[in-house]
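To start, the structure under review is shown below, and the notes come after it.
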Number of protein chains: 2
Amino acid sequence: MPENRPSSVSAELIAVLVAVTAGAPRVLTIAQGTSLPSGPLSPEHRSLQAGTRSWVERQTHHPLGYVEQLYTFADNDRNAALGGFGRAISISYLALTREQPKTLEGGASWRDWYDYFPWEDHREGADLPAPLPGALRAWAQAGANTAERRARKQRAAIAFGLEGRRWNEELVLQRYELLYEAGLVAEAARDGIACHTTPAPRLGQPMRQDHRRILATGIARLRAKITYRPVVFELMPPNFTLLDLQRSVEALAGQLLHKQNFRRLVEQQELVEETGQIAEATGGRPAKLFRFRADILQERAYAGTKPPLARA
Amino acid sequence: MPENRPSSVSAELIAVLVAVTAGAPRVLTIAQGTSLPSGPLSPEHRSLQAGTRSWVERQTHHPLGYVEQLYTFADNDRNAALGGFGRAISISYLALTREQPKTLEGGASWRDWYDYFPWEDHREGADLPAPLPGALRAWAQAGANTAERRARKQRAAIAFGLEGRRWNEELVLQRYELLYEAGLVAEAARDGIACHTTPAPRLGQPMRQDHRRILATGIARLRAKITYRPVVFELMPPNFTLLDLQRSVEALAGQLLHKQNFRRLVEQQELVEETGQIAEATGGRPAKLFRFRADILQERAYAGTKPPLARA
DNA sequence: CTCATTTATGCTCAAATTGAGCATTACTGG
DNA sequence: CCAGTAATGCTCAATTTGAGCATAAATGAG
């Protein structure tokens, strides 16, 4: 039963390439922001990760700091388009870098990821975008029977922190999938899924195929990752103030942090050291500049530890 | 640059199927314990996960509770063996089930996973298997220069909890990879990697190809998972005592837990409820039987929470 | 020059969580 | 009745976490 010859498929690599600029989390897109960059797996690549790294670097002209596999899926729908070649397998990667001023090729551009997921940004006000609470209720009410209605209501409450529950910033994918099922994102309409609110809200900017889902997966992974592994430094310039660092983490998490506690955590972790320089004042008292400590980073990147960068 | 037609490859699914029986963590193997079960991705599978689920269920004759994607990799070495078909992509899955007394087909059998990773079991005595400490020192000393020797020493210390560091049970993959690089596992010898200890220790039972690495990935993932999502219940019978539950968690973690604290945690989480029945005494005072609470499980499986099942 | 404003930074405190251990209870087998 | 083995109930100190007060060091308006 095992030992069968595997069937033939085609493979492509899709990248969620993230940077943080001026407190905004950005993702590299192509085709006017409607697609994630993707490239074919080609025979000369030594590994999947090497393949992703090489073609993203060629396209963006700067090195990727961190690359991590996200998810692999096979899309049956694409069969037809591939001329009987069998199915297409997509292998997605999360990559981190510093946004460079360099020119991007073709229609590539950096976009604020909250353009695609406006409901994920809770940095000012924890309120959900206007149509959401009502639309979620409508979806729950549209369940076929009492049990389904209850289950939907509970699911919405967990995913969106309703009914006194607290918002869990890591449930990015669950929220997107719920909105998709509820017909509240444009991709759902495209795929023929009904919506129970009129006019049907189309939350956030859509993407082609399932790229927005992949992006959601990447955001979720990154939000989880920063709580137990020091990956933010891949997104920071060489020198930065503690507030810069905090703003970056907040941008990713979509939530504000307690300043003093954040500072305490960073110091405890010994992730950074003073450079001796002072930042040119932006507003008030000048801040010390810091840099990451290479030795500690290496160790932590390998084994992880306690929360390297804080919770809400 | 993107939008290229992906290249043609072949795809196989590999499963790390785990059960816990009588306090032993077990993994399903084929070919006298030298391989993980694997099957081809075939066109009728609706998705990769469905494919894995269906052929594992067909082989083992019982349903999988939980299936999760582990990792996808492309092995360049296998090119030759596939007759110019392009490379082979392997997509691995972690699956949980209860070991059934049913007969397995062919050469399939359940094996204690510590047969493959004896150094991972710290349930009695935290001591590493005899040759390890010395072999690790020898490997570190064999570094080309001072910097490499220091880096190796630190890496070994982190991975194996030496020099006063504490053992981190989640670093299963890092440890296996270090042992591979150090030539201390049979697969390394097979692949022509040198060892600096004579006679060269060949720790644990080897597997074909990189299946042991995949198993290490699965163990690591599962050990991490049980700390933030209640997946153990997939491995438990319908009714169990709290000690049964603790023994199962300990089997997976490879570490003993504080009994009272474990109990406190389980109760806090409200994951279980009494059945009203009492276990036939095995040793001392009879224990109450518990079962998992379906409602809570569903919620926790979706969103996770604090540690559902304890730390060391 | 003084003051309101803004951000940096140092410290404190109570609540919650975690790690470890003591004591008691309820069975089983000589 | 006694020793052995588990189950269970509680306590306690050390940490960790969440929130806030207070002060310092700049800037710009008047």
Side-chain angles (χ1 to χ4, degrees), chain A residues 22-23 122-123 126 166-169 226-228 239-250 253 255-290 304-312, chain B residues 22-23 122 126 161 166-169 226-228 239-250 253 255-290 304-312:
Chain A
H122 285 222
R123 283 175 297 179
R166 63 189 286 175
W167 175 261
N168 182 340
E169 79 240 12
I226 52 172
T227 70
Y228 63 88
N239 300 309
F240 49 84
T241 68
L242 292 181
L243 188 58
D244 291 340
L245 183 61
Q246 184 179 345
R247 292 283 174 254
S248 293
V249 174
E250 289 173 340
Q255 282 199 287
L256 296 180
L257 303 172
H258 180 110
K259 189 190 264 191
Q260 295 91 322
N261 290 350
F262 179 82
R263 179 178 291 267
R264 174 175 65 190
L265 198 62
V266 172
E267 278 166 7
Q268 273 178 3
Q269 298 287 134
E270 299 182 299
L271 289 173
V272 301
E273 62 191 1
E274 300 185 14
T275 64
Q277 297 166 291
I278 301 288
E280 307 98 69
T282 36
R285 169 175 173 175
K288 294 178 190 159
L289 280 176
F290 291 82
T305 46
K306 307 301 158 57
L309 289 172
R311 314 262 49 188
Chain B
H122 285 220
R166 62 190 286 177
W167 175 263
N168 182 339
E169 79 238 13
I226 52 172
T227 70
Y228 63 88
N239 299 310
F240 49 85
T241 69
L242 292 183
L243 188 58
D244 290 340
L245 183 62
Q246 184 179 345
R247 291 284 174 251
S248 293
V249 173
E250 289 173 340
Q255 281 200 286
L256 296 180
L257 304 172
H258 181 111
K259 188 190 263 189
Q260 296 92 323
N261 290 350
F262 179 82
R263 179 179 292 267
R264 173 174 67 189
L265 198 63
V266 172
E267 277 165 7
Q268 272 177 3
Q269 296 288 134
E270 299 183 298
L271 288 174
V272 302
E273 62 191 1
E274 301 185 12
T275 63
Q277 297 166 291
I278 301 288
E280 307 99 66
T282 34
R285 171 175 171 175
K288 294 178 191 161
L289 281 175
F290 290 81
T305 46
K306 306 301 159 58
L309 289 171
R311 311 263 52 188

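Reminder, nothing fancy here: chain letters follow the sequence lines and each chain counts from 1.
Atom P of nucleotide D:dA6 and atom CD1 of B:I278 are separated by 17 Å, given to the nearest angstrom. Counting to the nearest Å, the C1' atom of D:dG18 and the CD atom of A:Q255 are 14 Å from each other. In this structure, CD of B:Q246 is placed 12 Å from P of D:dA6, rounded to the nearest angstrom. Rounded to whole Å, the distance from CD on A:Q268 to C1' on D:dG18 is 13 Å. Computed from coordinates, the A:R247 CZ to C:dT6 P distance equals 13 Å when rounded to whole Å. C:dA8 atom P lies 12 Å from atom CZ of A:F262, rounded to whole Å. Taking atom NE2 of residue A:H258 and atom C1' of nucleotide D:dT16, one finds them 14 Å apart after rounding to whole Å. Rounding to whole angstrom units, CG of residue A:L257 and P of D:dG20 are separated by 15 Å.
Side chains of A:L289 and A:T241 form a contact here, defined as non-hydrogen atoms less than 4.5 Å apart. Side-chain contact check for B:E250 versus B:F262: every heavy-atom pair is 4.5 Å or farther apart.
Under a 4.0 Å N-O distance rule, the pair B:R264/B:E267 does not qualify as a salt bridge.
Taking CZ of A:R247 as the reference point, atom CG of A:L256 lies at 7.0 Å (rounded to 0.5 Å). If you take CG on B:L265 and CG on B:L271, they are separated by 8.0 Å, rounding to the nearest 0.5 Å.
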List every contact pair, protein side and nucleotides 9-12 of chain C side both N or O, where the distance is under 3.5 Å.
from   : atom 1 : to     : atom 2 : distance (Å)
C:dT9  : OP1    : A:K288 : N      : 3.2
C:dT9  : OP2    : A:R263 : NH1    : 3.1
C:dT9  : OP2    : A:R263 : NH2    : 3.4
C:dG10 : O6     : A:Q260 : NE2    : 3.3

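Qualifying side-chain hydrogen bond (donor to acceptor under 3.5 Å, both in side chains) partners for B:E274, counting only residues two or more places apart in sequence or in other chains: B:K288.
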